[in-house]
Undergrad: 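Input: one structure, supplied below.
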2 protein chains.
Amino acid sequence: MDVKTLCLAVLFKGEATGYEIKKAFEEGPFAHFQRASFGSIYPALSRLLAEGLAEAEAREQDGRPDKKVYRLTAAGRDAFHQAIGQDPEPDQFRSDMLFLLYFARELPMDRVADLIDRYIDSYRSQAEHIVACRAQRLASGEEIDPGRWLVSGFGVAIYQAAADYLIENRDRLLSGNGRLPEAAE
Amino acid sequence: MDVKTLCLAVLFKGEATGYEIKKAFEEGPFAHFQRASFGSIYPALSRLLAEGLAEAEAREQDGRPDKKVYRLTAAGRDAFHQAIGQDPEPDQFRSDMLFLLYFARELPMDRVADLIDRYIDSYRSQAEHIVACRAQRLASGEEIDPGRWLVSGFGVAIYQAAADYLIENRDRLLSGNGRLPEAAE
DNA sequence: TAATGCATGTAATCGGTTACATGATTCA
DNA sequence: TGAATCATGTAACCGATTACATGCATTA
């Protein structure tokens with residue numbers, strides 16, 4: 001998904017500054033499945049202005065530098081609806097972890113163990129983080145958006161499954177380094 | 001992972017042509033977690049030659065155009081070991097499907113249902129495909145590479161989990177469109 | 001006082017995709 | 001006859017990242 005569409009999407013949920021849009025990809029609702037940098041966000045926002053899809057308002061702040069709050073126009077909302085109406089190609093997951101583990105035989109055992117442990121940790125903590133966010137949203141009493149709920153639930157399920165798989169197969173890979181793992185299936 | 005390293009990796013497993021390397025990302029062992037196009041593979045192979053990491057041999061074929069078989073040099077194998085010795089950053093999954101489903105409320109119900117069904121199918125068929133490959137490898141009697149086995153198992157687990165999650169939550173999202181899904185947790 | 005957070009933006013660079021160019025063989 | 005497979009490569013283009021430039025306020 002290109003950054004322009006991503007900005008359209010964030011702004012569709014409400015007005016925001018470039019800085020806040022960045023945060024939406026770091027901590028916010030899109031954190032675990034999309035990302036964008038300032039170097040792509042600011043030019044994208046300028047393009048949105050130029051194309052009449054958004055309008056900006058400068059807001060003064062005490063002390064802080066001014067912020068520029070972007071808001072979609074009617075044309076912008078249309079453009080967004082059109083964008084999500086397109087047919088997507090199936091997702092393909094790219095993973096450096098799998099690339100590395102594929103070559104487990106070429107690496108020292110302790111290095112493999114370390115890699116697996118680190119990935120278990122990162123998957124687990126990501127799952128826990130999302131779970132915490134969900135609990136908080138539930139407790140807050142705010143209205144729950146079904147799409148958002150489904151998406152965060154998906155994140156939990158996938159990260160959990162990834163961590164579980166690694167935990168279950170860690171020792172098999174390490175001890176059986178050369179022998180047949182998981183043969184009893 | 002850049003294409004140069006990816007080529008290094010494929011060649012580490014044995015000599016190959018550019019065309020065969022491409023296939024490794026389409027049907028081969030790297031299919032479900034890395035990808036590369038001709039436009040990046042051929043220049044990468046030239047670079048490997050120029051840097052002395054690989055050597056090529058032209059092989060004539062009956063009828064077919066000549067093929068150029070690449071093979072790593074000792075320096076190439078070193079470079080590969082060095083590459084997999086680097087510390088990777090954690091994987092981040094990017095997903096257009098999740099992006100779309102996040103905005104379920106903005107889409108017609110039948111469109112959402114169709115999207116989910118298509119993704120269930122694609123996840124399920126990817127899982128089944130990997131399972132079939134694994135069964136075949138097991139039956140073939142060839143030696144099983146533990147790293148490769150772990151990686152393909154990971155693929156099965158993740159795709160399975162993704163499909164399962166969507167199946168379980170499909171109707172909740174569709175019927176409760178506006179109400180609270182999965183509240184009974 | 002050093003780092004972090006808030007805040008916006010540009011420029012160099014890079015890596016990769018898409019499309020193009022070429023051409024024979026085999027299979028439906 | 002047309003499509004798919006095998007086979008190699010180039011060039012235009014694009015999107016995005018990284019690093020840079022600036023600057024104030026707060027917190028450790």
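Here the structure is a predicted model, which means the values were calculated and not measured. Chain naming here is simple, since letters A, B, ... match the order of the sequence lines and numbering starts at 1 in each.
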Undergrad: Could you tell me how far apart A:R59 (CZ) and C:dC6 (P) are, to the nearest whole angstrom?
TA: 17 Å
Undergrad: Go through the structure and list residues passing side chain to side chain contact (heavy atoms under 4.5 Å, CB included) with A:S152, not counting sequence neighbours.
TA: A:I130, A:R134, A:R137
Undergrad: Not counting sequence neighbours, which residues clear side chain to side chain contact (heavy atoms under 4.5 Å, CB included) with A:A16? List them please.
TA: A:L11, A:E20, A:I21
Undergrad: Is A:R124 paired with A:D164 through a side-chain N to carboxylate O contact shorter than 4.0 Å?
TA: no
Undergrad: Of the candidate nucleotides C:dG9, D:dG9, D:dT8, which contains the atom at the shortest distance from the side chain of B:Y70?
TA: D:dG9
Undergrad: Can you tell which of D:dT17, C:dG16, D:dA7 lies closest to the side chain of B:D2?
TA: C:dG16
Undergrad: Give, ordered by number, those residues of residues 41-56 of chain B having at least one heavy-atom distance below 4.0 Å to an atom of DNA chain D; if nothing qualifies, reply none.
TA: B:Y42
Undergrad: Can you name the side chain to side chain contact (heavy atoms under 4.5 Å, CB included) partners of B:D114, sequence neighbours left out?
TA: B:R118
Undergrad: How large an angle, rounded to 10°, do the end axes of the helix from C:dT1-D:dA28 to C:dA28-D:dT1 enclose when each is built from five base pairs?
TA: 50°
Undergrad: With a cut-off of under 6.0 Å to the ring centre and 45° to the axis, is B:K67 in cation-pi contact with B:Y19?
TA: no
Undergrad: Can you sort out the partners of A:S40 under side chain to side chain contact (heavy atoms under 4.5 Å, CB included), two or more places apart, ordered by chain and number?
TA: A:V3, A:A36, A:S37
Undergrad: Measure the distance from CD on B:Q34 to C1' on C:dG15 and round it to the nearest whole Å.
TA: 14 Å
Undergrad: Are any of B:K68's side-chain N or O atoms less than 4.0 Å away from OP1 or OP2 of D:dT8?
TA: no
Undergrad: Sequence neighbours excluded, which residues qualify as ring-ring contact (aromatic ring centres under 6.0 Å, His included) partners of B:F80?
TA: A:F103, B:F12
Undergrad: Kindly write out the residues that satisfy ring-ring contact (aromatic ring centres under 6.0 Å, His included) with B:Y70, not counting sequence neighbours, or none if the list is empty.
TA: none
Undergrad: Mind checking A:F25 for me? I need base, sugar-phosphate or nothing, with any heavy atom below 4.0 Å counting as a touch.
TA: nothing
Undergrad: Supply the atom-to-atom distance A:L101 CG to A:L166 CG, rounded to the nearest 0.5 angstrom.
TA: 7.0 Å
Undergrad: Can you tell me the distance, in whole Å, between the CD atom of A:E60 and the P atom of D:dA25?
TA: 15 Å
Undergrad: What is the distance from atom CZ of A:F93 to atom CD1 of A:I158, rounded to the nearest 0.5 Å?
TA: 6.5 Å
Undergrad: Among residues 5-17 of chain B, which contact DNA chain C at a heavy-atom distance under 4.0 Å?
TA: none
Undergrad: Under a 3.5 Å distance rule, please check whether A:Q34 uses its side chain to pair with a backbone N or O of B:S95 as donor and acceptor.
TA: yes
Undergrad: By a strict heavy-atom criterion of less than 4.0 Å, which residues belonging to residues 76-95 of chain B are in contact with DNA chain D?
TA: B:R94
Undergrad: Say you draw a straight line from SG of A:C133 to CD of A:E128; how long is it, rounded to the nearest 0.5 Å?
TA: 12.0 Å
Undergrad: Send over the distance from A:R35 CZ to D:dT17 P, rounded to a whole Å.
TA: 8 Å
Undergrad: Name every donor-acceptor pair, under 3.5 Å, that has one atom in a side chain of residues 50-57 of chain B and the other anywhere in the protein, sequence neighbours excluded.
TA:
from: B:E51; atom 1: OE1; to: B:K4; atom 2: NZ; distance (Å): 3.0
from: B:E57; atom 1: OE1; to: B:R59; atom 2: NH2; distance (Å): 3.4
from: B:E57; atom 1: OE1; to: B:R71; atom 2: NH2; distance (Å): 3.0

Undergrad: If you look at every heavy atom in A:A104 and B:G147, which pair is closest and at what distance?
TA: CB-CA, 4.1 Å
Undergrad: Where the side chain of B:K23 is defined as all heavy atoms beyond and including C-beta, which of D:dA16, D:dC6, C:dC6 is the nearest nucleotide?
TA: D:dC6
Undergrad: Go along nucleotides 18-23 of chain D 5' to 3' and tag each nucleotide: B for a protein heavy atom under 4.0 Å from its base, S when only backbone or sugar atoms are that close, - otherwise.
TA: B----B
Undergrad: Strictly below 4.0 Å, N to O, side chains only: are B:R94 and A:D91 in salt-bridge contact?
TA: no
Undergrad: Between atom NZ in A:K67 and atom C1' in C:dA7, what is the gap in whole Å?
TA: 9 Å
Undergrad: Can you measure from CG (B:L138) to CD (B:Q136) and round to the nearest 0.5 angstrom?
TA: 11.0 Å
